[in-house]
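Here is the structure we will look at, set down as structure tokens.
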Number of protein chains: 2
Amino acid sequence: MRGKPTLRDVAERAGCSITTTSNILQGRSHLYKEDMVQRVLSAAHELGYRPNSVARSLARRRTATIGVVLDPQHARLTHNVYAHDVLDGILAFLEPRDYDIRLITPRTNDPAAVWRRIDNGSIDGAILIAPVMGSPLLEWQHYSTLPVVAVGSTLPEEYLLSQVDIDNDAAMASLTEWVIQQGHRAIGFIKGHPLHWSAHQRERAFRRVMAQHGLPVREEWVLQGNYGSESGAYAAGQLLCQKELPTAVICANDDMAVGFLQKCRELEIPVPDAISVAGFDDIYWARQLGLQLTTIQHDRYQVGYLAAQMLLHQIETGESRPQRMLLPGTLVVRRTVALAHALASVPISEATILTEGGSRL
Amino acid sequence: MRGKPTLRDVAERAGCSITTTSNILQGRSHLYKEDMVQRVLSAAHELGYRPNSVARSLARRRTATIGVVLDPQHARLTHNVYAHDVLDGILAFLEPRDYDIRLITPRTNDPAAVWRRIDNGSIDGAILIAPVMGSPLLEWQHYSTLPVVAVGSTLPEEYLLSQVDIDNDAAMASLTEWVIQQGHRAIGFIKGHPLHWSAHQRERAFRRVMAQHGLPVREEWVLQGNYGSESGAYAAGQLLCQKELPTAVICANDDMAVGFLQKCRELEIPVPDAISVAGFDDIYWARQLGLQLTTIQHDRYQVGYLAAQMLLHQIETGESRPQRMLLPGTLVVRRTVALAHALASVPISEATILTEGGSRL
DNA sequence: GCCTGCTATAGAAACGCTTCTAAAACTTCC
DNA sequence: GGAAGTTTTAGAAGCGTTTCTATAGCAGGC
């Protein structure tokens with residue numbers, strides 16, 4: 001016996017066949033006499049036998065491993081707070097079920113290469129983390145027959161992908177609704193990264209609710225961001241130097257809201273006294289730092305957990321009809337959004353005029 | 001041909017043997033006539049053949065996968081900023097070399113179970129992320145013969161583990177040195193998590209430098225934290241209500257420093273006017289939020305990158321003597337540490353007295 | 001023209017496990 | 001006491017690769 005002990009070594013030592021050994025070691029010991037069972041068990045223990053998972057995977061035709069694939073766009077985990085929470089949820093579900101995780105971070109945009117890497121027989125299914133528009137991950141159908149679940153992007157139906165995500169639309173709608181209820185009429189918006197579906201969904205919800213309330217959206221108050229906090233600060237710079245200002249600004253995510261707040265501090269514009277700011281995501285460090293940001297909180301951990309569950313279900317049942325599962329977000333009211341009528345009547349009192357003067361949906 | 005095409009299918013289609021096919025597909029085409037090579041290549045392409053990595057691993061006796069193992073203590077990735085950066089570095093090194101990563105998060109403290117999970121033939125080596133004292137990961141020697149590299153913990157030699165880490169001792173020494181150079185004599189310290197080696201190393205360096213300068217360390221100014229920001233805030237509460245205060249406080253990491261700063265703000269104690277605060281780690285969000293924290297910056301990404309490199313070297317050469325590699329940290333001077341003599345002479349002017357009155361190393 | 005020494009190709013044995021199928025060994029029953 | 005059944009065990013064929021070794025085919029040298 002050179003190297004690691006194999007099933008054959010155990011069998012020899014116990015004086016029985018490989019089959020017997022394999023069966024007993026897999027827990028099918030009711031097939032054998034107590035005596036045999038003991039012999040095998042102790043032989044295995046004495047040799048320190050550990051089954052080789054590669055050989056097992058080959059024989060069983062399943063690997064008990066699932067792939068977690070990061071979009072090439074945001075393959076650097078570091079600043080991808082989203083991925084951490086989701087990954088935690090995935091791990092939490094999979095670990096007790098003896099599934100392992102293979103982390104795949106393609107660095108190319110060639111879908112054939114990407115999928116060759118993902119679907120090479122080493123995983124039973126994959127979770128795609130937040131594929132963006134144009135991502136090679138979305139070419140799934142042409143390159144793989146693996147069960148797949150996408151998280152963090154609510155994709156159009158035609159991609160035929162199962163998905164778990166938060167309900168961006170409903171959450172942003174309720175946030176906007178609430179800001180309006182605080183008496184704000186003049187509301188600005190900082191948009192998220194243009195390649196993220198969520199950015200569009202959040203913007204659309206904002207506009208819809210504004211329209212429902214008959215409030216105009218002034219395009220000079222709608223600024224492009226990219227979900228990064230610098231872009232929030234930049235947008236703040238752009239916005240705050242305008243002649244007329246909104247009384248409130250909704251940022252498509254917290255990172256940008258944090259950047260926005262910083263810029264406000266820099267320019268010595270008090271929040272929420274001069275302007276109200278809302279975010280979306282309820283990120284850890286904003287909370288940690290006591291920024292008291294009013295925002296939408298949602299359970300990313302749960303997204304990961306449910307995605308893993310959905311994927312395992314697909315793997316085990318062979319069910320392949322794509323499903324979509326949307327989790328609700330919760331409005332968290334803190335202190336960066338004030339009542340509009342309590343505002344100092346700086347340039348912001350224009351607000352009331354705007355309600356009439358506004359032009360488009 | 002049911003299911004995925006195999007090497008045999010390609011061979012049949014190309015009208016040659018499996019060996020030939022395998023050789024050509026692995027790039028050994030100089031062995032064959034151009035004609036044959038073309039036949040095989042196009043057959044493979046037409047069938048959409050993709051080699052099965054599990055079978056390949058079994059035959060080659062290597063998996064081209066390395067395991068990244070999180071200590072059960074901090075298996076939740078979410079708030080483990082450290083792990084993200086390291087993981088990024090690991091990925092960056094491994095991806096272009098066609099190695100994959102298996103993420104392993106044991107949830108138990110039984111070393112046998114943990115190592116059964118890690119070393120089951122599915123990986124060629126492992127990187128252990130920040131094993132803490134008493135971690136089952138440290139039992140390595142008894143349970144595995146896999147090449148292993150530990151990162152994020154500078155362990156005692158007797159564990160016989162290769163390691164890559166930052167030089168906690170040197171970095172904390174230079175930070176302390178610098179604070180002293182700013183004229184501070186009365187310096188407090190907030191300790192890190194007692195199970196982390198780094199916490200002890202940082203504390204020891206602090207004490208040593210203080211002693212070298214003949215400065216006493218007042219034990220009522222040395223408070224236990226746990227690397228979490230809440231613990232920093234708590235320690236601040238404990239410290240700041242004392243009769244005599246230090247003029248500066250060094251926190252064993254940034255998270256605690258952030259907590260400390262928040263508490264200061266809460267208590268309306270101006271930093272650095274009333275008290276100076278230093279951190280260690282230079283975390284992203286502290287920077288992001290413009291806290292201007294004076295701290296030690298170090299390259300966690302690089303730690304991961306080098307660890308992966310070291311591990312691959314061990315795997316490929318069979319070299320197994322444990323090596324240790326320590327990366328230097330860099331002092332980043334921002335604004336939370338002021339010159340001591342520029343301080344308002346609040347209770348803090350006691351400082352000068354302390355230099356004499358102090359008691360112990 | 002036969003042996004030597006190439007090159008080009010194929011056969012077959014691993015790798016370590018699972019599992020289907022078959023065959024011994026032992027009951028039981030009429 | 002032998003057919004029929006039941007329990008216990010073993011044989012052997014995969015799983016899809018890699019790779020060692022063997023064998024054709026075909027020059028060239030004497």
Side-chain angles (χ1 to χ4, degrees), chain A residues 1-41 43-44 47-65 98 116 119-124, chain B residues 1-41 43-44 47-65 98 116 119-124:
Chain A
M1 186 191 87
R2 48 322 83 194
K4 296 241 181 108
T6 72
L7 213 42
R8 184 219 229 81
D9 299 316
V10 178
E12 253 165 41
R13 176 158 193 135
C16 65
S17 79
I18 291 186
T19 312
T20 306
T21 314
S22 171
N23 276 330
I24 291 177
L25 259 25
Q26 283 181 79
R28 281 189 274 274
S29 36
H30 58 277
L31 293 175
Y32 300 91
K33 285 197 298 219
E34 186 53 23
D35 167 50
M36 181 86 271
V37 172
Q38 283 313 319
R39 283 214 321 274
V40 168
L41 256 31
L47 292 174
Y49 170 75
R50 295 214 286 254
N52 177 312
S53 76
V54 172
R56 172 173 285 179
S57 296
L58 184 59
R60 285 201 181 146
R61 260 139 297 189
R62 48 184 288 282
T63 60
T65 298
D98 275 311
R116 201 177 316 128
D119 186 4
N120 61 5
S122 66
I123 59 176
D124 296 336
Chain B
M1 187 192 86
R2 54 312 94 195
K4 297 236 181 113
T6 73
L7 212 41
R8 182 218 231 81
D9 299 317
V10 178
E12 253 166 39
R13 178 159 191 135
C16 66
S17 79
I18 290 186
T19 311
T20 306
T21 314
S22 172
N23 277 330
I24 290 176
L25 258 26
Q26 283 181 80
R28 281 190 272 275
S29 34
H30 59 276
L31 293 173
Y32 299 92
K33 286 197 296 220
E34 186 54 23
D35 167 48
M36 181 86 273
V37 173
Q38 284 313 320
R39 283 216 319 276
V40 168
L41 256 30
L47 292 174
Y49 170 76
R50 297 213 286 255
N52 177 311
S53 75
V54 172
R56 171 173 285 179
S57 297
L58 184 58
R60 285 199 180 147
R61 261 137 297 186
R62 48 184 288 282
T63 59
T65 298
D98 274 312
R116 201 178 315 128
D119 185 6
N120 61 5
S122 65
I123 59 178
D124 295 337

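Naming convention: chains lettered A, B, ... in sequence-line order (proteins, then strands); numbering from 1 in each chain. Just the heavy atoms: all of them, side chains too, but no hydrogens, waters or symmetry mates, feed the values below. The model shown is predicted, which means the values in this text are computed figures rather than measured ones.
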### Between P of C:dG11 and CD1 of B:I18, the distance in whole Å
10 Å
### Task
Take the protein atom CZ of B:R60 and the nucleotide atom P of D:dT19, then report the distance between them rounded to whole Å.
6 Å
### Task
Starting at atom CZ of B:R39, determine the distance to atom C1' of C:dT9, rounded to an integer number of angstrom.
11 Å
### Query
In whole angstrom, what separates A:N23's CG from D:dA10's P?
11 Å
### Query
Is any NZ, NE, NH1 or NH2 atom of the basic residue among A:R39 and A:D35 found under 4.0 Å from an Asp or Glu carboxylate oxygen of the other?
yes
### Query
If you check every side-chain atom of B:L7, which of C:dG16, D:dT9, D:dT18 has the closest atom?
D:dT18
### Message
Counting C-beta onward and ignoring hydrogens, is there a side-chain heavy-atom pair between B:L25 and B:L41 closer than 4.5 Å?
### Response
yes
### Task
Describe the nucleic acid contact of A:T20 in one word from base, sugar-phosphate, nothing, applying a heavy-atom distance below 4.0 Å.
sugar-phosphate
### Task
Starting at atom CZ of B:R56, determine the distance to atom C1' of C:dG16, rounded to an integer number of angstrom.
19 Å
### A:L31 CG - D:dT7 P separation (whole Å)
11 Å
### Message
Which nucleotide wins on minimum distance to the side chain of A:T19, given the candidates D:dT17, C:dT9, D:dG11?
### Response
D:dG11
### Query
Would you say the side chain of B:V40 lies within less than 4.5 Å of the side chain of B:Y32, judging by non-hydrogen atoms?
no
### Query
Within the pair A:S22 and C:dT18, is there a side-chain N or O less than 4.0 Å away from OP1 or OP2?
yes
### Which residue lies more 5' along DNA chain C, comparing B:R61 with B:H30 via nearest heavy atoms
B:H30
### Message
Using only atom types and a distance under 3.5 Å, with no angle test, would you say the side chain of B:N23 pairs donor to acceptor with the backbone of B:T20?
### Response
no
### Query
Between B:S17 and C:dG11, is there a side-chain N or O to OP1/OP2 distance below 4.0 Å?
no
### Query
Counting any heavy atom closer than 4.0 Å, what does B:R62 reach on the DNA or RNA strands: base, sugar-phosphate only, or nothing?
nothing
### Task
Let me know the distance between CG of A:N52 and C1' of C:dC17, rounded to the nearest Å.
8 Å
### Task
From the options D:dT8, C:dT9, D:dG14, select the nucleotide whose nearest atom is closest to the side chain of A:A59.
D:dG14
### Query
Counting side-chain heavy atoms from C-beta on, which of D:dT17, C:dG16, C:dA10 comes nearest to A:T6?
C:dG16
### Message
Other residues, nucleotides and ligands only: do more than 12 of their heavy atoms fall within 6.0 Å of CZ on A:R8?
### Response
no
### Task
Could you tell me the separation between the CZ atom of A:R8 and the P atom of C:dT18, rounded to a whole number of Å?
15 Å
### Task
Please determine if a side-chain N or O atom of A:Y49 lies less than 4.0 Å away from the OP1 or OP2 oxygen of C:dC17.
yes
